[in-house]
> 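I have a structure I would like to understand better, so I am pasting it below and will then ask my questions one at a time.
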Amino acid sequence: MADSTESALAYMKSNSGTQIIFQAIVSIISFIIIVTEYGNQPGAFKFFAAITFISFLWALLSLIGHFIDLRGKCSGVPWLIMNVVVDLLFVAMLFIASTLVAAKAENAHAGSAATLGFFLTASYCKSMYLDIKIYRAEETPYQAQDNPGPEYPAGGQQDIPPQYEPPFASGGGGSYQGDGKGGAIP
């Protein structure tokens, strides 16, 4: 039990963990701001409130999943790919929702909610980048066998490919001198 708690705390101190904590805090704050001012108005404000609340729930469930070691218990699920897809969806939806709220902003509440929405969008972009970076860094033994590195001669030197030599304008040896317009200078 202490080992899983230590690993969960270590995750919360990592870049991905701080991103999820930031996303949870910013999404609930932007949700509260938009709901307190525009709770009864339909359209862009309700869409923004729904997306930020879903973002908060996703971040909260991700943190709970790390505390109970859900990734270790369900190792067959491609967690990083799922995170990238969800992050991409949140980037698109938050950008649209924040843009709509910013366009319809009549006071500081909507403007601040839209600004937090853009910060949240940037946070999901960074989270997606970190997940892709982690995914590309992971390499299973099966992938390592399918993609062996280049083999070099025993001396450690590479065979240098021959350099391209353009054909000469005149049929003989000598050097090619062009006039810059495609013709040869005699």
Side-chain angles (χ1 to χ4, degrees), residues 3-140 142-143:
D3 187 40
S4 66
T5 305
E6 289 175 9
S7 66
L9 291 175
Y11 172 76
M12 290 178 64
K13 293 178 182 178
S14 71
N15 284 338
S16 298
T18 55
Q19 283 296 312
I20 289 180
I21 293 170
F22 176 80
Q23 290 164 358
I25 292 170
V26 171
S27 61
I28 195 66
I29 290 172
S30 60
F31 171 76
I32 290 170
I33 289 171
I34 205 72
V35 168
T36 56
E37 187 67 26
Y38 298 101
N40 296 328
Q41 294 187 5
F45 301 111
K46 292 266 186 186
F47 179 63
F48 183 84
I51 295 298
T52 54
F53 189 71
I54 292 170
S55 170
F56 169 72
L57 289 178
W58 176 256
L60 189 64
L61 290 175
S62 294
L63 285 174
I64 290 171
H66 281 288
F67 273 117
I68 63 172
D69 193 29
L70 191 61
R71 288 183 184 216
K73 293 176 184 173
C74 301
S75 60
V77 177
W79 292 104
L80 286 174
I81 294 173
M82 185 177 70
N83 277 346
V84 168
V85 170
V86 169
D87 289 344
L88 183 63
L89 288 173
F90 276 129
V91 165
M93 292 305 198
L94 280 167
F95 182 75
I96 292 168
S98 299
T99 304
L100 290 173
V101 168
K104 294 185 175 219
E106 296 175 357
N107 59 19
H109 286 98
S112 62
T115 303
L116 288 175
F118 286 123
F119 285 144
L120 197 54
T121 303
S123 174
Y124 274 105
C125 283
K126 183 178 179 187
S127 180
M128 185 172 52
Y129 168 74
L130 291 174
D131 288 341
I132 290 171
K133 190 174 170 183
I134 291 170
Y135 179 74
R136 291 183 73 192
E138 287 183 353
E139 186 172 280
T140 63
Y142 179 74
Q143 290 171 337

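The analysis underlying the following values was restricted to heavy atoms, covering all of them including side chains, and did not include hydrogens, waters or symmetry mates. It should be emphasised that the depicted structure is a prediction, and the values quoted were computed from it without experimental measurement.
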> Please report the shortest heavy-atom distance between A102 and F118, naming the atom on each side.
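Closest pair (atom of A102, atom of F118, distance): CB-CE1, 4.3 Å.
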> Any side-chain heavy atom of L116 sitting closer than 4.5 Å to one from S27?
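No, every pair of side-chain atoms sits at 4.5 Å or beyond.
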> What is the minimum heavy-atom distance between D131 and S16, and which atoms define it?
OD1-OG, 4.5 Å
> Taking atom CE of M128 as the centre, does the number of heavy atoms from other residues, nucleotides or ligands within less than 6.0 Å exceed 12?
yes
> Could you grab the distance from atom SG of C125 to atom CD of Q19, nearest 0.5 Å is fine?
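One finds 10.5 Å between SG of C125 and CD of Q19.
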> Can you check whether I51's main-chain N or O pairs, donor with acceptor, with S55's side chain at less than 3.5 Å?
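Looks like no, no N/O pair under 3.5 Å.
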> Kindly compute the distance separating CD1 (I21) from OG (S123), expressed to the nearest 0.5 Å.
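One finds 11.0 Å between CD1 of I21 and OG of S123.
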> Just verifying a value: how many Å separate T52 OG1 and L57 CG, rounded to the nearest 0.5 Å?
10.0 Å
> Can you find a heavy atom in the side chain of I54 that is under 4.5 Å from one in the side chain of F90?
yes
> Minimum heavy-atom separation for A44 and L100, please, with both atom names.
CB-CB, 3.6 Å
> Rounded to the nearest 0.5 Å, what separation is found between the CD atom of E37 and the CZ atom of F45?
9.0 Å
> Looking at F95, I'd like to know if its CZ atom is crowded, meaning that more than 12 non-hydrogen atoms belonging to other residues, nucleotides or ligands lie closer than 6.0 Å.
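No, CZ of F95 has 12 or fewer neighbouring heavy atoms, counting only those of other groups under 6.0 Å.
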> Who are the ring-ring contact (aromatic ring centres under 6.0 Å, His included) partners of F53, not counting sequence neighbours?
F31
> Just verifying a value: how many Å separate N15 CG and K133 NZ, rounded to the nearest 0.5 Å?
8.0 Å
> Kindly compute the distance separating CE (M12) from CD1 (I20), expressed to the nearest 0.5 Å.
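Between M12 CE and I20 CD1, I get 10.0 Å after rounding to 0.5 Å.
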> Would you say that K13 contacts T18 through its side chain, given a criterion of any heavy-atom pair below 4.5 Å between the two side chains?
no
> Within a strict 4.5 Å, meaning less than it, do heavy atoms of the L89 and Y124 side chains meet?
no
> Looking at I34 and A110, what are the two nearest heavy atoms and their distance?
CD1-CA, 4.4 Å
> Which heavy atom in S98 sits nearest to a heavy atom in A114, and how many Å separate them?
O-CB, 3.7 Å
> State, to 0.1 Å, how close I68 and K73 come at their nearest heavy-atom pair, and which atoms those are.
O-NZ, 3.2 Å
> Short question: side chain of K126, backbone of T121 - any donor-acceptor pair under 3.5 Å?
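No; zero donor-acceptor contacts below 3.5 Å.
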> Below 4.5 Å, heavy atoms only, C-beta onward: do Y135 and I81 meet side chain to side chain?
yes
> When you compare the side chain of M93 with that of F47, does any pair of heavy atoms fall below 4.5 Å?
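When only atoms from C-beta onward are counted, M93 and F47 do touch, with a gap below 4.5 Å.
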> Are any of the side-chain heavy atoms of S127 and N83 separated by less than 4.5 Å?
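S127 does not reach N83 side chain to side chain.
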> Quick check: does any side chain N or O of W58 sit under 3.5 Å from a backbone N or O of D87, one acting as donor and the other as acceptor?
no
> Any side-chain heavy atom of F48 within less than 4.5 Å of one from S30?
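Counting from C-beta outward, F48 and S30 do come under 4.5 Å.
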